[in-house]
Amino acid sequence: MDSNKPLALILDKGILEEFLDKFRQHFRLVLYQDFLKDPGAHGPTIQVLFIWACTPQVTPVLLSSLPALQVIASAGVGYDHLDLPYIARLGVKVANTPGVVSDCTADMAMALLLASARNIVEGHRIMMDPDTSVMPEYLGSIKVSGSTLGIIGMGTIGCKIAQRAKGFDMKILYCNRNRRGVEEEQVLGASYCKNMDNLLGRSDFVVLSVCLTSETTGLIGSRELALMKPTATLVNISRGAVVDQVALVKALKAGTIRAAALDVTYPEPLPRDHPLLNLPNVLITPHLGVGTITTLRNIVEKMVDNALAAIRGEPMPDELKCLSLVSQ
């Protein structure tokens, strides 16, 4: 009976209808736009809050209107949009969806790296231009195979990136709060850099794969960019605020680094007059890291599994407890 299903609050925009149907198999849904019209109608009995694309925003005001809330199930791996200590004090559990996002996010990192290195977007524009009559011989591309890749944040996604880079015969360096095991390093062909500065100075490509925390906000700024090779490319698939974008603009304009390839910015999207949007050595995509139909479907399944486990008083497969995570 539907009346026996737990009541869940969910965003009504940005989720395909087939995904909403998946949620409806297990929950009675209150759409967020309906909730806003009359929070008192369902708020006191809502047990589950589903977060999609970091929305609805989990504010104290929202949480105070959900006194029966037991669990927040958030899509994706990042948790910077959630005040975990505050939520924990309310006795509410939180889960994200790691694992299922790793392959697609790692694919995106390599796609950005390759597209930037080989000037794919510029080449496409030239070939689509009706005025093009002569094939360009050289677009300033750089070789990927055999180059050095530095990965900052060697969690699950970082390891997946290393696996892909190994297929390009790249020399792989990594920096992480905790060193991976020796056997794992050997399998990945990755060398540990205790000092991030050392990694920055040696890498042809630097990929950021960290969660956004107080420690990683502004992790890459003017000093760090100055340590990179002038031929190096910065790739960010973590969170936009990990990079000081003002410093990045200056570095790109001055030739401090060759290029930047970003799947994330701060904010998203950038204001239309933001200087990053006018630089020829920047490639920006709209946070496509997990954006495949297979991955999105798996995310939904994870969200449902976590929420149901919490409601049943069972251990959640992906409960967020540790606040010291820095790698994805």
* **Pairs touching residues 185-195 that satisfy salt bridge (Lys or Arg N to Asp or Glu O under 4.0 Å), sequence neighbours left out** => R179-E185
* If a pair satisfies salt bridge (Lys or Arg N to Asp or Glu O under 4.0 Å) and one of its residues is in residues 41-62, list it, with sequence neighbours excluded. =>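 Of all non-adjacent pairs touching residues 41-62, none passes salt bridge (Lys or Arg N to Asp or Glu O under 4.0 Å).
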* Given S74 and H81, is the side chain to side chain donor-acceptor pair (under 3.5 Å) satisfied, shown in steps? -> CA-CA 10 Å; S74 182; H81 56 294; 2.9 Å; yes
Would you say [X] and [Y] make side-chain contact, with heavy atoms under 4.5 Å?
{"X": "I293", "Y": "F19", "result": "yes"}
{"X": "T55", "Y": "Y32", "result": "no"}
{"X": "I157", "Y": "I237", "result": "yes"}
{"X": "I10", "Y": "V30", "result": "no"}
{"X": "F35", "Y": "L66", "result": "yes"}
{"X": "L252", "Y": "V282", "result": "yes"}

First locate atom [atom1] of [X], then atom [atom2] of [Y], and finally report the distance between them rounded to the nearest 0.5 Å.
{"X": "L29", "Y": "I46", "atom1": "CG", "atom2": "CD1", "result": "10.0 Å"}
{"X": "R272", "Y": "L277", "atom1": "CZ", "atom2": "CG", "result": "5.0 Å"}
{"X": "I284", "Y": "H274", "atom1": "CD1", "atom2": "NE2", "result": "8.0 Å"}
{"X": "I120", "Y": "L112", "atom1": "CD1", "atom2": "CG", "result": "12.0 Å"}
{"X": "T292", "Y": "R297", "atom1": "OG1", "atom2": "CZ", "result": "9.0 Å"}
{"X": "L320", "Y": "N96", "atom1": "CG", "atom2": "CG", "result": "4.0 Å"}

Side chains of [X] and [Y], donor plus acceptor under 3.5 Å:
{"X": "H287", "Y": "T265", "answer": "no"}
{"X": "N119", "Y": "S141", "answer": "yes"}
{"X": "N176", "Y": "R180", "answer": "no"}
{"X": "N306", "Y": "D318", "answer": "yes"}

Could you pull out the closest heavy-atom pair between [X] and [Y], with the gap in Å?
{"X": "A241", "Y": "Y266", "answer": "N-CB, 3.9 Å"}
{"X": "P44", "Y": "P39", "answer": "CD-O, 4.1 Å"}
{"X": "V94", "Y": "M316", "answer": "O-CE, 3.6 Å"}
{"X": "S203", "Y": "V206", "answer": "CB-CG2, 3.8 Å"}

* Is D197 salt-bridged to R223, going by a charged N under 4.0 Å from an acidic O? -> yes
* Asked: Would you call D103 and R164 a salt bridge, using N to O less than 4.0 angstrom?
  -> yes
* **Audit row: D21, R24, salt bridge (Lys or Arg N to Asp or Glu O under 4.0 Å) steps and yes/no** => CA-CA 5 Å; D21 289 342; R24 289 189 180 106; 3.1 Å; yes
* Asked: Can you say whether the rings of F27 and F50 are parallel (under 30°), tilted (30 to 60°) or perpendicular (over 60°)?
  -> perpendicular
* Counting only heavy atoms not in K229, do more than 12 fall under 6.0 Å of its NZ? -> yes
* Can D169 and S145 be said to form a side chain to side chain donor-acceptor pair (under 3.5 Å), step by step? -> CA-CA 6 Å; D169 297 321; S145 297; 5.8 Å; no
* **Of D80, V243, V210, the residue whose pairing with S238 passes side-chain contact (heavy atoms from CB on, under 4.5 Å)** =>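 Result: among D80, V243, V210, V210 is the only option passing the side-chain contact (heavy atoms from CB on, under 4.5 Å) with S238.
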